[in-house]
Number of protein chains: 2
Amino acid sequence: MPVIYRYPRPAINVNCVVIGWDGIQDLKILLVQRRQSPFRNSWALLGASVSMTETSEHTARKALHEQTGFDDLYLEQLFTFDEVDRDPRERVISIVYFALLPEIHNVDQELNEPRRREWFALDSLPRLAFDHGKIVEYAKIQLAQRALHQPIAFELLPYRFSLTQIQQLYEVILGRNLDKRNFRKKLLTEELLIETSHFEEGTKHRPAKLYRFNRRKHLARVRIGDGFDLS
Amino acid sequence: MPVIYRYPRPAINVNCVVIGWDGIQDLKILLVQRRQSPFRNSWALLGASVSMTETSEHTARKALHEQTGFDDLYLEQLFTFDEVDRDPRERVISIVYFALLPEIHNVDQELNEPRRREWFALDSLPRLAFDHGKIVEYAKIQLAQRALHQPIAFELLPYRFSLTQIQQLYEVILGRNLDKRNFRKKLLTEELLIETSHFEEGTKHRPAKLYRFNRRKHLARVRIGDGFDLS
DNA sequence: TCAAAAGTGTTTTATATACACCCATGT
DNA sequence: ACATGGGTGTATATAAAACACTTTTGA
């Protein structure tokens, strides 16, 4: 149903910086290959247009579901990008979210989604469509910043994880090596990890004890103004 | 010039959480009294509609200029609020900015702006229009958070300021008292203050030495990943 | 028995905290 | 001379950093 406005309005999109961790070395980002101009064949962030009846977060969740099959991701608003010429066709304002996945899954190929969708290592990306390269640069900086002051790294880990895993993840996010004993000491004195009775499986060495993150305790602390802080 | 779209689009606004400090006790926020329904006579954040040819930041600067006479404020994007029913008339998405003033000026009454505009103490606000109360609550939390990791408190001070002034400001922002000697030690060991040859004037006690913030040095450090941090 | 990573403490150094008096100025 | 806030140092406690070997498991 076409609609008439007294003045022109920008289009509103969401984009998602979908980040996962390969469990070893690299942070990965999920990109979608465009099939139309502009930037035909270029890789771009996943996105969607915000309808009148849905919040941008809701739109982001729906887009993730429809375009990848992923549900129940951790979403956090990152920034709103609104340069007037960021899309050559018309003015498009984009509300951008972090979407963090606890594991790298391959996208669901059964979906009604003809475009290629692939995971790329965050530090060797192709040239992206629109201003998405700039957005990703900003997201990388913010991820490192926020990982120090919020427990978002846990969103990139499975429900149960080893201390070595989370240390490696922090090393990747922060881009520097951490001392094993000091890292563990700091993390354990936060008292936000729950020791489980599970162990790593399928290793060819001593299996590591698995922990999980105590979300309830963390939220209770946030309520009394006592936030998470490594650093 | 009316315009036709294939699908309806939300309206895009900016709002500004304009914050100043009275130099003694209170953080203040500048509010505008509405003269039309909805929320007629209620107080609201300063705002404007984002046109097709201007970024939201540019729109915010222009609105501040036109509605208050203030120029060259420090602006920083805070959050984008997009609940579908935040405006009862239609879907309005609001990109919200912090606007920090180095001193409380009275607004320019000569402007072509019939609405009342007043400074309110941040901790005793009237009920605000729309979701602006919620926005202000969020802004308060963010101000305290960001003041610890970014040198934004200096944006609330005049070019030259005394150590007592900045301490009092931090006390107001963080909502707790700080030890004078320890605060000075920490601030001075950051080596981001430049001692000027000026002194406080018009006091009936020993005049305090005035300092200014070394923006260049701070920016140089940010570039090498060495950010500001009190805490 | 070997390879591989898990797990674990202590010492040193740096940072944070607690705390009280004298000083310079204006009235 | 008095009132007012400006300015300053030290001792203690806490947190960060540096550092290496033993243990457990699978192959």
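Numbered from 1 within each chain, the chains take letters A, B, ... in sequence-line order.
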Mark yes or no for whether Arg117(B), through its side chain, and Arg115(B), through its backbone, hold a donor-acceptor pair below 3.5 Å. yes
Between dA16(C), dA18(C), dC19(D), which nucleotide has the shortest distance from any of its atoms to the side chain of Lys186(B)? dA16(C)
Could you check whether Thr164(B) gets within reach of a base, just the sugar-phosphate, or nothing at all, counting any heavy atom under 4.0 Å? sugar-phosphate
Check the distance between dT25(C)'s P and Lys209(B)'s NZ and give it to me in whole angstrom. 12 Å
Would you check if Phe120(A) and Leu128(A) make a side-chain contact, meaning some heavy-atom pair closer than 4.5 Å? no
Can Asp82(B) and Thr55(A) be counted as having a side-chain donor-acceptor contact under 3.5 angstrom? no
At 4.0 Å (heavy atoms only), tell me whether Ser162(A) reaches a base, stays on the sugar-phosphate, or touches nothing. nothing
When rounded to whole Å, the CG to P distance for the pair Asn177(A) and dC19(D) reads 14 Å
Can you check whether any acceptor in the base of dT17(C) is under 3.5 Å from a donor in the side chain of Lys185(B), or vice versa? yes
Glu201(B) CD to dT27(C) P, in whole Å, measures 13 Å
Of all the choices, dA18(D), dA6(C), dG9(D), which nucleotide is nearest to the side chain of Arg181(B) once you look at every atom? dG9(D)
From the candidates dG5(D), dG9(D), dA6(C), the one with an atom nearest any side-chain atom of Arg184(A) is dA6(C)
Expressed as a whole number of angstroms, how long is the span from Glu190(A):CD to dA16(D):C1'? 14 Å
Distance-only side-chain donor-acceptor flag, Tyr170(A) / Gln168(A), under 3.5 Å: no
Let me spell it out: for each of Tyr211(A) and Ser231(B), pick the nucleotide of DNA chain C with the closest heavy atom. Which residue's pick is nearer the 5' end? Tyr211(A)
Check: dA3(D) base within 3.5 Å donor-acceptor of Arg206(B) side chain: no
Spacing between Phe183(A) atom CZ and dG7(C) atom P, to the nearest angstrom: 13 Å
How long is the line joining CZ of Phe199(A) and P of dT23(D), in whole Å? 18 Å
Can you tell whether the side chains of Lys209(A) and Glu200(A) come within less than 4.0 Å, N to carboxylate O? no
Check whether the side chain of Lys180(B) and the base of dG7(D) form a donor-acceptor pair under 3.5 Å. yes
If I take atom CG in residue Asp179(A) and atom P in nucleotide dA6(C), what distance separates them, rounded to the nearest angstrom? 14 Å
Return the value, rounded to whole Å, for the distance between atom CD of Glu171(A) and atom C1' of dA5(C). 14 Å
Between Lys204(B) and Leu210(B), the residue closer to the 5' end of DNA chain D by nearest nucleotide is Lys204(B)
